[in-house]
Number of protein chains: 2
Amino acid sequence: MQSYTEENYLKIIFHLSQNSNPVQTNAIAEKIQTKAASVTDMLKKLADKELVNYVKYQGVTLTEKGKLTAINIVRKHRLWEVFLVEKLNFKWDEVHEVAEELEHIKSTLLVERLDEFLEFPKVDPHGDPIPDQYGNFADLSFIKLSKLKANEKGTITGVSEHSSPFLKHLEKLGLTLGKKIEISEIIDFDGSVELLIDNNKINISREVAKHILISK
Amino acid sequence: MQSYTEENYLKIIFHLSQNSNPVQTNAIAEKIQTKAASVTDMLKKLADKELVNYVKYQGVTLTEKGKLTAINIVRKHRLWEVFLVEKLNFKWDEVHEVAEELEHIKSTLLVERLDEFLEFPKVDPHGDPIPDQYGNFADLSFIKLSKLKANEKGTITGVSEHSSPFLKHLEKLGLTLGKKIEISEIIDFDGSVELLIDNNKINISREVAKHILISK
DNA sequence: TATTTAATTTAGACAAATCTAAAATATATT
DNA sequence: AATATATTTTAGATTTGTCTAAATTAAATA
Ligand SMILES: [Mn+2]
Ligand SMILES: [Mn+2]
Ligand SMILES: [Mn+2]
Ligand SMILES: [Mn+2]
């Protein structure tokens with residue numbers, strides 16, 4: 001059994017593994033909002049428990065056991081987010097903090113019943129895939145909106161930034177999941193994107209465009 | 001803000017206050033499954049935070065602030081129990097452990113939305129009253145089944161023992177919330193109770209009868 | 001390659017919550 | 001009132017997770 005803290009480390013290592021493998025001590029420290037020295041202490045402990053492969057100065061990778069544990073936390077996090085939005089009328093920018101707490105509740109019966117109650121959702125309110133109870137993700141193929149060229153079309157199916165200010169901004173612009181968009185023009189000057197949504201022409205910064213995920 | 005542990009102490013002190021006031025160190029130690037010395041340490045800490053009134057060797061009482069905090073935890077515990085039974089099809093003997101974890105989730109928005117989603121329930125799956133957001137309990141007047149005399153009638157509206165074996169036992173006997181019963185006879189020999197339920201005559205021990213709560 | 005800089009680890013300390021053993025206080029019994 | 005017993009508190013240690021400061025190793029640069 002892992003502590004709340006250990007679970008958070010495993011989850012962060014899992015997410016950071018998507019970008020770089022092995023994961024560096026400093027990257028973890030930044031995400032967990034702690035010091036590199038604390039991370040080192042924890043990595044040794046997780047290695048003792050055979051949840052990570054750790055070689056000093058070389059970074060860490062998750063073991064199979066550690067990976068499954070991490071995925072299970074991600075599963076719970078995303079299921080709870082769906083619950084909050086679908087059943088309790090939370091907005092998509094209000095769910096993350098609460099899900100950070102709920103993801104640590106231990107009962108497996110609870111998770112399976114929740115999944116059933118929500119009718120086995122495949123994605124969370126931010127378009128992130130929800131792994132099944134065996135840890136398998138349906139692989140959804142996303143393209144960043146910023147990669148699209150003029151005249152290309154697509155549907156918004158995810159976001160890669162979950163902060164409340166960003167999500168509220170999208171909401172205000174009408175850029176929510178499921179909406180169809182068409183690129184009008186990429187502005188040379190600053191790389192910002194002009195696009196059509198609900199018959200309106202709007203402009204978004206390149207920074208925003210990078211965090212909107214599109215499927216065709 | 002209180003820690004998970006502090007919250008548990010406050011909740012236990014609140015419950016023990018119903019029987020004896022002030023509450024003794026040993027009584028707390030037994031409930032929390034810890035040592036008297038640990039309880040003393042925590043009581044000092046809670047006193048510093050003005051959550052309890054503590055005089056050494058005299059026991060503790062909750063301050064107004066401490067009491068409100070405790071009631072809020074009880075509120076959350078019982079709302080989550082309703083959720084688990086009503087929405088996720090948990091049985092009444094399966095909810096307590098999970099609710100012990102869920103009661104510590106902090107979001108007030110979550111609690112209010114959950115209350116609304118459940119349509120403002122007044123009692124939990126064990127018949128215990130759910131306080132409102134201001135800490136007010138609807139006072140339900142219960143009598144222990146063991147206090148009833150032959151020929152008296154009533155409705156089962158609560159239980160004062162929440163262990164899984166006890167609740168499963170009641171379930172098997174058909175003694176669930178809302179059921180109407182009539183006392184046939186109190187057996188002299190052992191004080192056991194013979195009663196009518198759903199047109200069946202059954203016998204329950206005095207020990208069981210003490211933990212069934214009846215309203216007329 | 002030598003030197004500078006960045007990343008990581010070690011050493012030692014600290015706060016929270018717990019423990020055991022011993023001392024102090026309160027309550028019960030003669 | 002004196003003694004015995006039960007309850008509670010103190011003292012000192014332990015575990016978990018964190019910290020700062022200093023030392024070590026790796027990576028970048030000259
Ligand atoms: Mn989230
Ligand atoms: Mn999400
Ligand atoms: Mn309960
Ligand atoms: Mn209950």
Under the 3.5 angstrom rule, does the side chain of B/Gln18 hit a backbone N or O of B/Ser20 as a donor-acceptor pair? no
Nearest-angstrom distance from the residue atom CG of B/Asp41 to C1' of D/dT9: 9 Å
Could you tell me if A/Lys87 sits above the aromatic ring of A/Phe117, with its cationic atom closer than 6.0 Å to the ring centre and no more than 45 degrees from the axis? yes
Separation of C/dA16 atom P from B/Asp48 atom CG, nearest Å, is 11 Å
Residue met sooner reading DNA chain C from 5', once B/Ala37 and B/Met42 are mapped to nucleotides: B/Met42
Would you kindly compare A/Gln58 and B/Val55 by the position of their nearest DNA chain D nucleotide and give the one closer to the 5′ end? B/Val55
Round to the nearest Å and state the distance from B/Leu43 atom CG to C/dT18 atom P. 11 Å
Classify A/Ser38 by what it touches in the nucleic acid, base, sugar-phosphate, or nothing, heavy-atom distance under 4.0 Å. base
Report the distance from atom CD1 of B/Ile32 to atom P of C/dC19, rounded to the nearest whole Å. 11 Å
Look at A/Ser3 and D/dT16 and indicate whether a side-chain polar atom (N or O) is within less than 4.0 Å of OP1 or OP2. no
Looking only at C/dT10, C/dA7, C/dT18, the nucleotide nearest the A/Lys56 side chain is C/dT10
How long is the line joining CD of B/Glu7 and P of C/dA16, in whole Å? 16 Å
Could you state the atom-to-atom distance from CD1 of A/Ile28 to P of D/dT18 in whole Å? 12 Å
How far apart are the C-alpha atoms of B/Phe83 and A/Phe83, what are their side-chain angles, what is the distance that settles it, and do they pass the ring pair (Phe, Tyr, Trp, His ring centres under 6.0 Å) test? CA-CA 12 Å; B/Phe83 170 73; A/Phe83 169 73; 5.1 Å; yes
Just checking B/Thr40: base, sugar-phosphate only, or nothing, at a heavy-atom cut-off of under 4.0 Å? base
If we count only N and O atoms by modelled type, under 3.5 Å, do the side chains of B/His96 and B/His126 hold a donor and an acceptor together? no
Atom pair distance, as rounded to whole Å: CD in B/Glu30 and P in D/dT8: 12 Å
A/Asn26 side chain N/O closer than 4.0 Å to the phosphate oxygens (OP1, OP2) of C/dA6? no
Quick one: label A/Tyr4 by what it contacts on the DNA or RNA (base, sugar-phosphate, nothing), any heavy atom closer than 4.0 Å. nothing
Give the C-alpha distance, both sets of side-chain angles, the deciding distance and a yes or no for side chain to side chain donor-acceptor pair (under 3.5 Å) between A/His162 and A/Asp93. CA-CA 7 Å; A/His162 296 166; A/Asp93 63 292; over 6 Å; no
C/dT9 phosphate, OP1 or OP2: any side-chain N/O from A/Tyr54 under 4.0 angstrom? yes
Any side-chain N or O of A/Thr5 under 4.0 Å from OP1/OP2 of D/dT16? no
Could you check whether the side chain of A/Tyr57 and the base of D/dT24 have a donor-acceptor pair of N or O atoms closer than 3.5 Å, going by distance alone? yes
Does a side-chain N or O of B/Gln24 approach OP1 or OP2 of D/dT7 to a distance below 4.0 Å, or not? no
Reckon A/Lys35 has a side-chain N or O less than 4.0 Å from the OP1 or OP2 of D/dA21? no
